[in-house]
Amino acid sequence: QVQLVESGGGLVQAGGSLRLSCAASARTFSWYSMGWFRQAPGKEREWVAAISSSADRTYYEDSVKGRFTISRDNAKNAVYLQMNSLKPEDTAVYYCARGTYSSIRFKVEEYDYWGPGTQVTVSS
């Protein structure tokens, strides 16, 4: 069983920064890609960013390109999301998830383990 736990969410003013962390329990962490998703009230869960198992590739949803950076530390079984220049529309619950393959995945159904989420609120 794989457990993922996010941390680092909170309340921040527009233009501010937050760094989300996701700790994974599995010894096979380095075998799989990882992703971050978010879900705002009344909206579907959307993919935000993903990183390959070896961290050689990263991809971002268009609205966060240039503002968010995904990274991982396989020695620590952790993945991170650095969020800069935050906007009120970034307000959501953010989830980390494990991809089903080593290569990057983009769809919710291509992720098999999820954390409980961490709330990010950006005030205007």
Side-chain angles (χ1 to χ4, degrees):
Q1 186 71 14
V2 176
Q3 291 188 328
L4 302 174
V5 180
E6 304 93 342
S7 61
L11 173 64
V12 64
Q13 289 188 333
S17 298
L18 284 173
R19 187 188 192 219
L20 305 184
S21 299
C22 174
S25 64
R27 289 179 293 173
T28 57
F29 176 79
S30 64
W31 296 5
Y32 298 93
S33 63
M34 296 293 295
W36 285 96
F37 289 74
R38 65 186 179 187
Q39 188 167 17
K43 295 187 177 181
E44 292 188 352
R45 190 168 299 189
E46 66 172 354
W47 171 81
V48 174
I51 188 167
S52 61
S53 60
S54 62
D56 62 336
R57 293 184 183 273
T58 58
Y59 284 90
Y60 300 92
E61 192 270 329
D62 285 346
S63 69
V64 308
K65 281 181 182 176
R67 300 189 298 121
F68 291 11
T69 302
I70 188 171
S71 61
R72 66 189 295 164
D73 185 337
N74 286 342
K76 295 182 178 179
N77 282 8
V79 62
Y80 308 98
L81 187 68
Q82 177 67 44
M83 305 187 296
N84 299 329
S85 302
L86 282 161
K87 304 176 180 180
E89 51 263 43
D90 294 319
T91 295
V93 177
Y94 283 70
Y95 301 88
C96 70
R98 191 188 80 167
T100 53
Y101 297 94
S102 60
S103 57
I104 285 177
R105 306 284 103 184
F106 298 97
K107 299 179 181 179
V108 169
E109 56 266 30
E110 295 176 311
Y111 288 78
D112 54 3
Y113 289 97
W114 296 79
T118 186
Q119 177 70 47
V120 171
T121 303
V122 184
S123 63
S124 57

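Only this structure's heavy atoms are used, side chains among them; waters, hydrogens and symmetry mates stay out. Sequence positions, counted from 1, serve as the residue numbers for this chain.
- In this structure, the side chains of Tyr95 and Gln39 come closer than 4.5 Å at one or more pairs of heavy atoms.
- Across all non-hydrogen atoms, the minimal contact from Ala92 to Ala40 is CB-N, 3.8 Å.
- Atom OH of Tyr101 is surrounded by 12 or fewer heavy atoms from other residues, nucleotides or ligands within 6.0 Å.
- One hydrophobic cluster, built from ILVMFWY side chains closer than 4.5 Å, holds both Met34 and Val120.
- Side-chain atoms of Arg105 and Asp112, non-hydrogen and from C-beta on, never get closer than 4.5 Å to each other.
- When all heavy atoms of Leu4 and Ala24 are compared, the pair lying nearest together is CD2-CB, 3.4 Å.
- Using a 4.5 Å heavy-atom threshold, the side chains of Thr91 and Gln119 count as touching.
- Between Tyr111 and Phe37, the distance separating the two ring centers is shorter than 6.0 angstrom.
- For the side-chain contact (heavy atoms from CB on, under 4.5 Å) test with Met83, the passing option among Leu18, Thr69, Val12, Val122 is Leu18; the others fail.
- Within the model, atoms CG of Asn77 and CZ of Arg27 stand 10.5 Å from one another, a figure rounded to the nearest 0.5 Å.
- In terms of heavy-atom proximity, Phe29 sits nearest to Asp73 at CE2-O, 4.1 Å.
- Counting only heavy atoms from C-beta outward, the side chains of Arg38 and Val64 approach each other to under 4.5 Å.
- Side-chain contact between Glu44 and Val108 is absent, with no heavy-atom pair separated by less than 4.5 Å.
- The residues Lys87 and Asp90 are annotated as not salt-bridged, no charged nitrogen and carboxylate oxygen being separated by less than 4.0 angstrom.
- Of all heavy-atom pairs between Ser103 and Ser33, the closest is O-OG, 3.0 Å.
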